[in-house]
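Below: one structure, written as structure tokens.
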2 protein chains.
Amino acid sequence: MAAQQHQVTLTEVARAAGVSTATASRAINGSSRRVSEDIAVRVKRIAEELGYLPNLSAQTVAKGASPTVAVLLSDIADPYFSAIAAGIMAGASEAALMVTMAASERSPARELQILRTFRSQRPQAIIVAGSRDEENTHAQEFTGQLRTYAETGGRVVVISQGPSPFDLVDIQNHDGARKLAHALVDRGGRHFGVVSGRVTLQTNADRIDGFRTGLAERGLTLTDDAIVETEFTRDGGYVGMHELLHRHKDLGAPLDTVFATSDMMAFGAATAIRDHGHSVGADISLAGFDNVGLTEDVNPAMTSVNVPLHELGRSAVRMALGSGREPVRLPISTQVVLRASTPQR
Amino acid sequence: MAAQQHQVTLTEVARAAGVSTATASRAINGSSRRVSEDIAVRVKRIAEELGYLPNLSAQTVAKGASPTVAVLLSDIADPYFSAIAAGIMAGASEAALMVTMAASERSPARELQILRTFRSQRPQAIIVAGSRDEENTHAQEFTGQLRTYAETGGRVVVISQGPSPFDLVDIQNHDGARKLAHALVDRGGRHFGVVSGRVTLQTNADRIDGFRTGLAERGLTLTDDAIVETEFTRDGGYVGMHELLHRHKDLGAPLDTVFATSDMMAFGAATAIRDHGHSVGADISLAGFDNVGLTEDVNPAMTSVNVPLHELGRSAVRMALGSGREPVRLPISTQVVLRASTPQR
DNA sequence: TTGAAAGCGATACCAC
DNA sequence: GTGGTATCGCTTTCAA
């Protein structure tokens, strides 16, 4: 069994090439100063032969900055976040940045803890995806930490988090939900219900509000008891839909169209509808939001509001590279995508 | 506008506390040497007040190892990988490790490039998820790089990659597919088709082979022209299913049950079946593999073979922490989950 | 226990 | 252009 070998260092390369470490550094990793062609070639060849790889941490210490973006999200297993993450990774790859990632699993305490670790890494930027609950007591501390990070030269990009002192990727939730309401009324919907995640998450509040506004513009009212508030997950959608159907059975009130504030919730809701013996589409129209993968593959295909998640992830990285003093806001427009889950009725 | 501030360093904390940096280091980040209680408390308090955060890169340079695991996967937007990634992140969190992640997007060149970057980071371990194409010319180079990394003290964990000189999380693909074949025959399937990703990916080869074995054990033969080989993605499943239906139309041969070698492929295949005017379940039974999220929410619910992806991700991290000399193999058993997409016929 | 000082692996300033 | 060397922030011998 091979004994533990050791990583080749720049000093060794320099010695082998008969130049100073300064020159070797310039030849291999480049700098403003130039190196004569022949030396550059020789040093690079020797580095190659020796299997030299720069020690990123050493470079980071010397330069004072790490070629890294740190990404905080709620749950990578959720298609919404994994699509964003894919975009971020693509953008980072284009910009020759590394990505470090952590999931809060929606725990505020964990969120703070992750932020500390991120800050220890001195990344170029921290990208925060996933609306956090602004009600929680950690929120203030969290923002404070981010602010300190920004003041010490870091860049912060927040995805879909309402007004913020940082760069913001601003998904047009309100507008998308409003347009969805219009489309659903046009398809003959009259009696609406909503299954939503906690409204303390800005995303949910905006989507509900936009939907309500859209209905109002068509002369319809969305009452509070037509809205069920549960977990912002697939299971939440399932449970919430049960609750909604239950309410309407008690009330004897009709219900022809349901808006779930995310596709994941809509998927759960669809199963709940079937478990109640009803048919999605034929009996109850159902729409989601985000247009994640598989909206076309469920049966019936799910009406949704498209959010260009992948592209938005790439954009977040580009913003992270910015250097302006003032926070930038990048609006991301959304588009209704009508499918079979909301037939004309 | 606040001027750019600067990060507090250990030296500053030490000076403020009136102790040496050595002592401050021991007090804050711990070491074998102990520090008297009162000094420890004082230093920690001052560090807190000053907002000190250790510089991880500096620690890494000094210690020679970074508290990080690096994860290479094909595509984080794929539920298979995002579930594994979620498990890895959970495991890393438990072990107080950071996670850096990159996606190869199934490009061998990119894969090598990522591996170089990873090695530059000097992580504790590199976890490779996603079966790579062993046919490609980069494969050898890739393994060589990993071997070098391992020889210089790094730990390598490979997920589902056949026999390997590294730690291996060994998903029982062959056995799962075999059991699936049995179950499908028991449900009345007689005329089988397979939609698969490239068989140069070990995973596909194993799943097909297991399926064929299972059928053979029930006295049925799976001929080569009943197998369509396409991209190992949702779209591949869609296209492949079209092809399969097309072939059978030409042949006038019956086809009652289809096995897609991943759930993503199965989802695409289901839509293709519907696009052909057939019904999944009633006309053609369809089964996938992996049991990713949403198998229960598509309609009809999709029969699959469960792979404990999240748990397996956590296990991968635990293996990454190991220190044994010999590579470890961790078998991951799989279970058939029958659902409505494969009714009794 | 504590501190002085020598690394860790690189970069960058300052001479030459 | 090239080399010498201080420096980055931290850990860890080695003495005291």
Side-chain angles (χ1 to χ4, degrees), chain A residues 4-44 46-47 50-68 117 119-123 152-153, chain B residues 4-44 46-47 50-68 117 119-123 152-153:
Chain A
Q4 170 130 346
Q5 275 153 44
H6 120 125
Q7 281 286 353
V8 178
T9 68
L10 185 60
T11 312
E12 292 167 347
V13 173
R15 184 167 39 223
V19 298
S20 70
T21 58
T23 300
S25 170
R26 296 192 270 251
I28 296 178
N29 301 314
S31 84
S32 45
R33 297 237 154 294
R34 284 282 282 277
V35 175
S36 68
E37 190 57 18
D38 50 338
I39 286 199
V41 170
R42 181 156 47 91
V43 172
K44 280 188 199 149
I46 292 187
L50 265 44
Y52 168 77
L53 282 176
N55 182 319
L56 228 43
S57 293
Q59 290 189 146
T60 297
V61 172
K63 294 187 183 167
S66 164
T68 299
T117 316
R119 294 225 286 135
S120 271
Q121 285 195 100
R122 310 283 192 276
T152 52
Chain B
Q4 171 131 344
Q5 275 154 44
H6 121 123
Q7 282 285 356
V8 177
T9 69
L10 186 61
T11 312
E12 291 167 346
V13 173
R15 183 166 38 221
V19 298
S20 70
T21 57
T23 301
S25 169
R26 298 192 266 252
I28 296 178
N29 301 314
S31 84
S32 45
R33 299 237 153 295
R34 285 282 281 277
V35 174
S36 68
E37 189 58 17
D38 48 340
I39 287 201
V41 170
R42 181 155 48 92
V43 172
K44 281 188 197 148
I46 293 188
L50 265 44
Y52 168 78
L53 283 176
N55 182 320
L56 227 44
S57 294
Q59 291 190 146
T60 298
V61 170
K63 293 188 181 164
S66 164
T68 299
T117 316
R119 294 226 285 135
S120 272
Q121 284 194 100
R122 311 282 192 278
T152 52

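Numbers restart at 1 for each chain; the letters A, B, ... are given by sequence-line order, proteins then strands. This structure is a prediction, so every number in the text was calculated from the model and none was measured.
- Axis angle between the ends of the helix from dT1(C)-dA16(D) to dC16(C)-dG1(D), five pairs each and rounded to 10 degrees, works out to 40°.
- The distance between atom CG of L10(B) and atom P of dC8(C), rounded to the nearest whole Å, is 19 Å.
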Can you give each donor-acceptor pair under 3.5 Å made by side-chain atoms of residues 56-67 of chain A, sequence neighbours left out, with the distance rounded to 0.1 Å?
unit_1 : atom_1 : unit_2 : atom_2 : d
Q59(A) : OE1    : N29(A) : ND2    : 3.4
T60(A) : OG1    : L56(A) : O      : 2.8
S66(A) : OG     : T68(A) : OG1    : 2.8

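- A straight line from CD of E12(A) to P of dC8(C) spans 10 Å, rounded to a whole angstrom.
- Residues satisfying the side chain to side chain donor-acceptor pair (under 3.5 Å) test with T11(A), not counting sequence neighbours, are none.
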Atom pairs and distances, donor-acceptor, side-chain atoms in residues 18-25 of chain B, under 3.5 Å, two or more places apart:
unit_1 : atom_1 : unit_2 : atom_2 : d
S20(B) : OG     : A22(B) : N      : 3.4
S20(B) : OG     : T23(B) : N      : 3.1
S20(B) : OG     : T23(B) : OG1    : 3.1

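- In terms of the side chain to side chain contact (heavy atoms under 4.5 Å, CB included) criterion, residue partners of T117(B) (sequence neighbours excluded) are, by chain and number, M98(A), Q113(B).
- Nucleic acid contact for V35(A): sugar-phosphate only, since backbone atoms but no base atoms lie under 4.0 Å from a heavy atom of the residue.
- Rounded to a whole Å, the CD atom of E37(A) is 11 Å from the P atom of dT2(D).
- Side-chain contact between I46(B) and Y52(B): absent, with no pair of heavy atoms (C-beta onward) separated by less than 4.5 Å.
- Distances shorter than 4.0 Å separate none of the side-chain N or O atoms of S25(B) from OP1 or OP2 on dC10(D).
- The side chain of T23(A) sits closest to dT2(D) out of dG9(C), dA10(C), dT2(D).
- Residues meeting the side chain to side chain contact (heavy atoms under 4.5 Å, CB included) test with E12(B), sequence neighbours left out: H6(B), V8(B), T9(B), R15(B).
- Atom CD in Q7(B) sits 8.0 Å away from atom CG in N55(B) (nearest 0.5 Å).
- Residue whose closest nucleotide on DNA chain C sits further toward the 5' end, between I39(B) and Q7(A): I39(B).
- Candidate nucleotides dG9(C), dC10(D), dA4(C) were compared by shortest atom distance to the side chain of S20(B), and dA4(C) ranks first.
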Give every pair of a protein N or O atom and an N or O atom of nucleotides 13-15 of chain C that lie under 3.5 Å apart, one pair per line with the distance.
unit_1  : atom_1 : unit_2 : atom_2 : d
dC13(C) : N4     : R26(A) : NH1    : 3.4

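- Residue R15(B) contributes atom CZ, which lies 13 Å from atom C1' of dG9(D) at whole-angstrom precision.
- Straight-line distance from the CZ atom of R122(A) to the C1' atom of dC10(D): 11 Å, rounded to whole Å.
- Comparing dC10(D), dT5(D), dC8(D) by their closest approach to the side chain of T21(A) singles out dT5(D).
- Distance, D38(B) CG to dT2(C) C1': 12 Å, rounded to whole Å.
- Among residues two or more places apart in sequence or in another chain, the side chain to side chain donor-acceptor pair (under 3.5 Å) test is passed with R119(B) by Q145(B).
- Nucleotide dG9(C) holds its P atom 15 Å from the CD1 atom of I28(A), rounded to whole Å.
- Each of A62(B) and V19(B) lies near DNA chain C, and the nucleotide nearest V19(B) is the one positioned closer to the 5' end.
- Not one side-chain nitrogen or oxygen of T60(A) sits closer than 4.0 Å to the OP1 or OP2 atom of dA10(C).
- Taking atom NE2 of residue H6(A) and atom P of nucleotide dG9(C), one finds them 7 Å apart after rounding to whole Å.
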